[in-house]
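Count residues from 1 along the sequence.
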Amino acid sequence: MTFGKAFIHAHRETLAFMLACPLIAMIPVIGELFQHYVEMGLGMYEGTDGAQAAEAAPARMQAGMIKIFTLSVIGYPLVRFLAGGRDAAAARTLEPRAAAMFAVVLLIQLAIAAMDLFAMQGSPAVSLAVFAAMLVLTPLFLRWMVAAPLGIWVAPARSAREMLPSLAWAVVFTFTVMLPLMAVHYGLGIGAIFAPDALKWPLLILDSFVVGALAIVIGAGNWIAAIRPGPVIGNHAAAA
C-alpha cells in the first residue's frame with residue numbers, strides 16, 4: 001500500500017468504525033468534553049490571559065489525564081475492529097486474555113502521559129523533547145501494542161526488530177495521518193478563546209467530536225504502520 005493509499009485508508013477506516021460502533025466512538029468525545037468543562041470553569045477561554053493562567057492549572061492537568069485515558073482506551077476495540085475486517089462484534093467483545101494484555105499497554109501509556117503532564121510541568125522544552133522522542137520511539141513498539149488487544153504476545157524487542165526496517169515510513173506516516181484533524185483541533189481551541197461567548201461552547205463541542213475522530217485515526221494509522229512489515233503473529237490467536 002502506497003503512502004497516499006494508506007493515508008486515505010486510515011481515514012476511511014476511522015469513519016467505518018465511527019458508524020459501526022458509535023457509542024464506543026463517543027468515549028474520547030466525552031473525555032474531551034469533560035476537559036473543556038473544566039477549562040471553562042478555569043476561565044481558559046476568556047482571552048489570552050485566561051488561557052495562560054489556566055494552562056498549567058492542576059484541575060486541567062487532572063482532567064487531561066482522564067481525557068488521555070479515554071483517548072487511549074479506544075485502542076482495544078479499534079484494533080479488534082480493524083483486525084477482523086470491520087468486525088463490530090469483535091470490537092465489543094471483552095476477551096479476558098486480550099483485555100489483560102491491553103491493560104499493560106494502557107498503563108504504560110498513562111504512566112508516560114502522567115510523567116509529561118506532572119513531572120515535567122512548566123518545562124515546554126522538555127515536553128517538546130519528550131514528544132519528539134515518543135514520535136520516533138513509539139512506532140518501534142507498534143506491533144507489540146496492536147497485538148495485545150488481539151490476545152497475541154509479541155515481545156517489545158521483537159516488535160522493534162520487525163519495525164526497524166520501515167521505521168522512517170512509520171514515523172512520517174503516523175505523524176502525517178493525524179495532521180489534518182490536529183490542525184482543526186488546534187484551530188477550534190484557539191477560535192474558542194477569541195469567539196463571542198455565545199459561540200464558545202458550540203466550538204468546543206465541535207472540537208470534542210474532532211478529537212474523538214482524531215483518537216480513532218491515530219489508532220488506525222498505528223494499525224496500518226504496524227502491519228506493514230507483515231501480519232502480526234504470536235503464540236496465541238485472537239479469540240474473536
Side-chain angles (χ1 to χ4, degrees), residues 1 3-33 67-110 138-139 141-154 159 162-163 170 173-182 185 208-240:
M1 189 181 294
F3 191 96
K5 288 182 178 179
F7 181 90
I8 294 171
H9 183 62
H11 288 84
R12 187 168 57 235
E13 294 304 285
T14 294
L15 179 59
F17 180 79
M18 293 172 70
L19 293 174
C21 306
L23 294 180
I24 297 175
M26 282 295 295
I27 293 172
V29 176
I30 293 170
E32 183 71 6
L33 273 172
K67 179 186 78 172
I68 290 170
F69 171 80
T70 64
L71 298 180
S72 302
V73 78
I74 202 79
Y76 177 87
L78 177 60
V79 166
R80 294 173 67 84
F81 176 83
L82 297 173
R86 299 187 177 181
D87 189 343
R92 293 189 291 265
T93 300
L94 195 63
E95 194 269 314
R97 174 186 168 93
M101 294 175 69
F102 175 75
V104 174
V105 175
L106 180 61
L107 286 173
I108 292 173
Q109 291 176 324
L110 293 177
T138 298
F141 303 105
L142 286 180
R143 288 173 72 79
W144 164 65
M145 292 168 63
V146 304
L150 303 175
I152 298 173
W153 170 246
V154 174
S159 175
E162 293 175 350
M163 288 298 300
F173 177 73
T174 54
F175 180 69
T176 303
V177 78
M178 67 178 178
L179 280 181
L181 289 175
M182 184 67 76
H185 165 52
S208 298
F209 281 93
V210 169
V211 169
L214 177 61
I216 298 168
V217 82
I218 289 172
N222 286 345
W223 167 257
I224 292 168
I227 63 172
R228 190 167 186 263
V232 176
I233 302 172
N235 59 9
H236 186 77

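- Between the Arg80 side chain and the Arg92 main chain, no donor and acceptor come within less than 3.5 Å of each other.
- Rounded to the nearest 0.5 Å, atoms CE (Met182) and OG1 (Thr176) are 12.0 Å apart.
- The stretch residues 209-232 participates, sequence neighbours left out, in no salt bridge (Lys or Arg N to Asp or Glu O under 4.0 Å) pair at all.
- Side-chain contact check for Met145 versus Thr138: some heavy-atom pair is nearer than 4.5 Å.
- Across Thr174 and Ala225, no two heavy atoms sit closer than the pair CG2-CB, 4.0 Å.
- For the salt bridge (Lys or Arg N to Asp or Glu O under 4.0 Å) condition, the pairs that include at least one residue of residues 3-18, sequence neighbours left out, are Glu13-Arg86.
- Residues satisfying the side chain to side chain contact (heavy atoms under 4.5 Å, CB included) criterion with Leu19, sequence neighbours excluded, are Leu15.
- Every residue two or more places apart in sequence or in another chain that forms a side chain to side chain contact (heavy atoms under 4.5 Å, CB included) with Ile108 is listed here: Val104, Ile112, Trp144.
- Partners of Ala91 according to the side chain to side chain contact (heavy atoms under 4.5 Å, CB included) rule, which considers only residues two or more places apart in sequence or in another chain, are Phe17, Cys21, Pro77, Phe81.
- Scanning all heavy atoms of the two residues, the minimum distance from Leu71 to Ala215 falls at CD2-CB, 3.7 Å.
- Between His9 and Ile224, the shortest heavy-atom contact is CD2-CD1, 3.5 Å.
- Distance check, rounded to the nearest 0.5 Å: CD1 of Ile24 to CG of Leu78 gives 9.5 Å.
- Nearest heavy atoms, Ala220 versus Leu82: CA-CD1, 3.9 Å.
- In terms of the ring pair (Phe, Tyr, Trp, His ring centres under 6.0 Å) criterion, residue partners of Phe3 (sequence neighbours excluded) are, by chain and number, Trp169, Phe173.
- Put simply, the side chain of Met101 does not reach to within 4.5 Å of the side chain of Val105, judged on heavy atoms.
- When all heavy atoms of Met178 and Val217 are compared, the closest pair comes out as CA-CG1, 4.4 Å.
- Remark: His185 pairs with no residue by the ring pair (Phe, Tyr, Trp, His ring centres under 6.0 Å) rule, at least two apart or across chains.
- Put simply, the side chain of Pro139 does not reach to within 4.5 Å of the side chain of Phe175, judged on heavy atoms.
- Atom CZ of Phe141 is surrounded by more than 12 heavy atoms from other residues, nucleotides or ligands within 6.0 Å.
- The two residues Ala147 and Val154 have their closest heavy-atom pair at CB-CG2, 3.7 Å.
- The structure places CG of Leu214 at 14.5 Å from CZ of Phe209, a figure rounded to the nearest 0.5 Å.
- Applying the side chain to side chain donor-acceptor pair (under 3.5 Å) test to every pair with at least one member in residues 67-79, sequence neighbours left out, gives these pairs: Glu32-Lys67, Gln35-Lys67.
- Taking CG from Leu142 and CD1 from Ile227, the interatomic distance works out to 11.5 Å, rounded to the nearest 0.5 Å.
- Atom CD1 of Ile218 and atom CG of Leu181 lie 8.5 Å apart (nearest 0.5 Å).
- The structure places CZ of Arg143 at 9.0 Å from CH2 of Trp223, a figure rounded to the nearest 0.5 Å.
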